[in-house]
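Worth saying up front: this structure is predicted, and the values here are computed from it rather than measured.
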Amino acid sequence: MIFYAGADGNLQQNSYREFTNENPFLSPTLWVAPTSRPYDIFAGLKGKLAGNISYNVRGSFMQENDKALFRNNAFPLALDPALPTDVEPYAFGNSFDVVYDDVKTVSFFGEVKADLSKNISAGINGTFRSLSAKNQDEVWNLPSITFGANVDANITEKWYAGLNLFFVGERKDQVIIPDFSTFTTVTLDSYFDVNAHVGYKYNERLTLFLRGNNLFNQSYERWMNFPAQQIQVVLGANYKFDF
């Protein structure tokens with residue numbers, strides 16, 4: 001068993017590309033500003049329950065100033081016929097804006113990893129967070145609970161396979177009440193998803209694979225008004241060139 005603790009802080013130079021990597025439905029009108037993290041104080045324990053089973057538990061308290069939060073980008077008065085008609089198309093609830101706020105986060109993280117045999121490994125992890133914003137009504141689109149698990153196996157020297165499961169808790173966002181042209185807070189449902197893959201290594205350069213995503217065929221909303229694509233099956237190949 002190893003006990004560890006520390007404190008850290010930094011200045012994160014945000015970019016539009018980083019934002020869209022996290023949320024691809026952002027509008028092109030964002031004000032991009034850096035996020036300051038004055039402190040991130042943490043402590044935890046890690047070690048082994050057995051020769052092939054390891055664990056890590058950690059708690060932290062973090063302050064972030066000007067943290068970027070993604071919120072539904074809607075122009076509430078755009079529904080009023082008396083207003084000009086030149087409102088941009090992405091301002092009708094079909095994109096997201098960024099708002100900045102000072103956010104405090106208390107989080108607890110735990111994971112267990114196991115090498116079940118020479119060819120099979122598995123892991124499970126979970127995070128619980130308590131978030132509070134200084135000015136915004138909610139910490140938009142950030143879940144309090146996330147969970148993940150995975151199993152990877154080398155079936156033979158040529159064949160391999162894997163399974164990934166993840167759970168994301170409820171999030172908060174905003175919508176417009178048309179009759180009053182005002183915002184109201186809504187709760188996005190939590191969701192659970194399963195992905196799997198199998199592959200065949202033909203040789204050192206060529207690998208064939210079959211991947212299935214959203215195997216429960218759900219139409220959950222990771223972001224409001226953008227339901228996830230239902231079950232997907234991808235057949236493909238990788239080839240490594242020797243230059």
Side-chain angles (χ1 to χ4, degrees), residues 1-12 14 18-19 21-23 35-70 101-134 136 138-154 160-173 187-197 213-216 218 220 222-223 228:
M1 180 183 295
I2 300 173
F3 172 78
Y4 62 91
D8 196 4
N10 60 37
L11 180 68
Q12 179 178 337
N14 297 314
E18 291 173 342
F19 287 163
N21 285 340
E22 184 175 354
N23 182 347
T35 297
S36 171
R37 185 179 299 170
Y39 56 83
D40 179 8
I41 304 170
F42 59 89
L45 287 172
K46 62 182 179 180
K48 289 190 175 183
L49 300 174
N52 59 342
I53 303 177
S54 61
Y55 67 90
N56 183 18
V57 293
R58 168 181 167 140
S60 68
F61 176 61
M62 179 170 58
Q63 171 71 38
E64 294 175 285
N65 297 333
D66 294 325
K67 180 176 178 61
L69 305 174
F70 302 130
D101 203 353
D102 298 343
V103 176
K104 291 183 179 179
T105 304
V106 178
S107 65
F108 298 93
F109 167 80
E111 69 173 350
V112 176
K113 295 181 179 180
D115 294 323
L116 303 179
S117 70
K118 181 180 179 181
N119 296 314
I120 302 176
S121 62
I124 184 173
N125 66 81
T127 302
F128 171 79
R129 297 184 294 181
S130 175
L131 305 112
S132 60
K134 181 179 179 180
Q136 296 293 318
E138 300 287 346
V139 185
W140 306 114
N141 280 297
L142 290 180
S144 297
I145 300 174
T146 57
F147 165 85
N150 69 281
V151 177
D152 293 293
N154 293 319
Y160 66 91
L163 181 69
N164 295 284
L165 304 86
F166 61 90
F167 170 84
V168 176
E170 295 179 343
R171 290 90 60 219
K172 303 286 187 180
D173 208 330
T187 301
L188 299 177
D189 292 335
S190 59
Y191 61 90
F192 179 78
D193 203 348
V194 179
N195 303 324
H197 66 272
N213 299 327
N214 196 3
L215 297 183
F216 284 176
Q218 301 177 88
Y220 58 81
R222 172 63 184 92
W223 305 101

(message) If only side-chain N and O atoms count, and only distance matters, is there a donor-acceptor pair under 3.5 Å linking Asn164 with Asn195?
(response) no
(message) Is a donor from one side chain sitting under 3.5 angstrom from an acceptor on the other, for Asp8 and Asn10?
(response) no
What distance do [X] atom [atom1] and [Y] atom [atom2] have between them, rounded to the nearest 0.5 Å?
X      : Y      : atom1 : atom2 : value
Asn154 : Ser117 : CG    : OG    : 9.0 Å
Thr35  : Asn14  : OG1   : CG    : 4.0 Å
Met1   : Leu49  : CE    : CG    : 8.5 Å
Leu116 : Ser121 : CG    : OG    : 7.5 Å
Ser54  : Glu111 : OG    : CD    : 7.0 Å
Met62  : Lys104 : CE    : NZ    : 13.0 Å

(request) Go through the steps for Tyr39 and Phe61 under the test ring pair (Phe, Tyr, Trp, His ring centres under 6.0 Å), then give the verdict. (result) CA-CA 8 Å; Tyr39 56 83; Phe61 176 61; 5.7 Å; yes
How close do [X] and [Y] get, heavy atom to heavy atom, and via which atoms?
X      : Y      : result
Gln218 : Asn214 : O-ND2, 2.7 Å
Val103 : Val139 : CG1-CG1, 4.4 Å
Asp189 : Arg171 : O-NH1, 2.8 Å
Tyr191 : Arg222 : OH-CD, 2.8 Å
Asp102 : Asn65  : OD1-CA, 3.2 Å
Phe70  : Trp140 : O-CB, 3.3 Å

(request) Take Tyr220 and Val168 through the side-chain contact (heavy atoms from CB on, under 4.5 Å) test and state the conclusion after the steps. (result) CA-CA 11 Å; Tyr220 58 81; Val168 176; over 6 Å; no
(request) Test His197 against Asp152 for side-chain contact (heavy atoms from CB on, under 4.5 Å), laying out the working first. (result) CA-CA 9 Å; His197 66 272; Asp152 293 293; 3.9 Å; yes
(message) Looking at Tyr4, I want to see if its OH is surrounded by more than 12 non-hydrogen atoms of other residues, nucleotides or ligands under 6.0 Å.
(response) yes
(request) Could you tell me whether the side chain of Asn52 and the main chain of Asp115 form a donor-acceptor pair under 3.5 Å? (result) yes
(message) Treating Asp101 as the side-chain partner and Gln136 as the backbone partner, does any N or O pair qualify as donor plus acceptor under 3.5 Å?
(response) yes
Quick one: are [X] and [Y] in side-chain contact, heavy atoms under 4.5 Å?
X      : Y      : result
Phe108 : Arg58  : no
Arg129 : Pro143 : yes
Phe166 : Thr146 : no
Phe109 : Asn56  : yes

(request) Applying side-chain contact (heavy atoms from CB on, under 4.5 Å), run through Leu163 and Asn150 and close with a yes or a no. (result) CA-CA 6 Å; Leu163 181 69; Asn150 69 281; over 6 Å; no
(request) Check the pair Glu22 / Asn141 against side-chain contact (heavy atoms from CB on, under 4.5 Å), numbers first and verdict last. (result) CA-CA 11 Å; Glu22 184 175 354; Asn141 280 297; over 6 Å; no
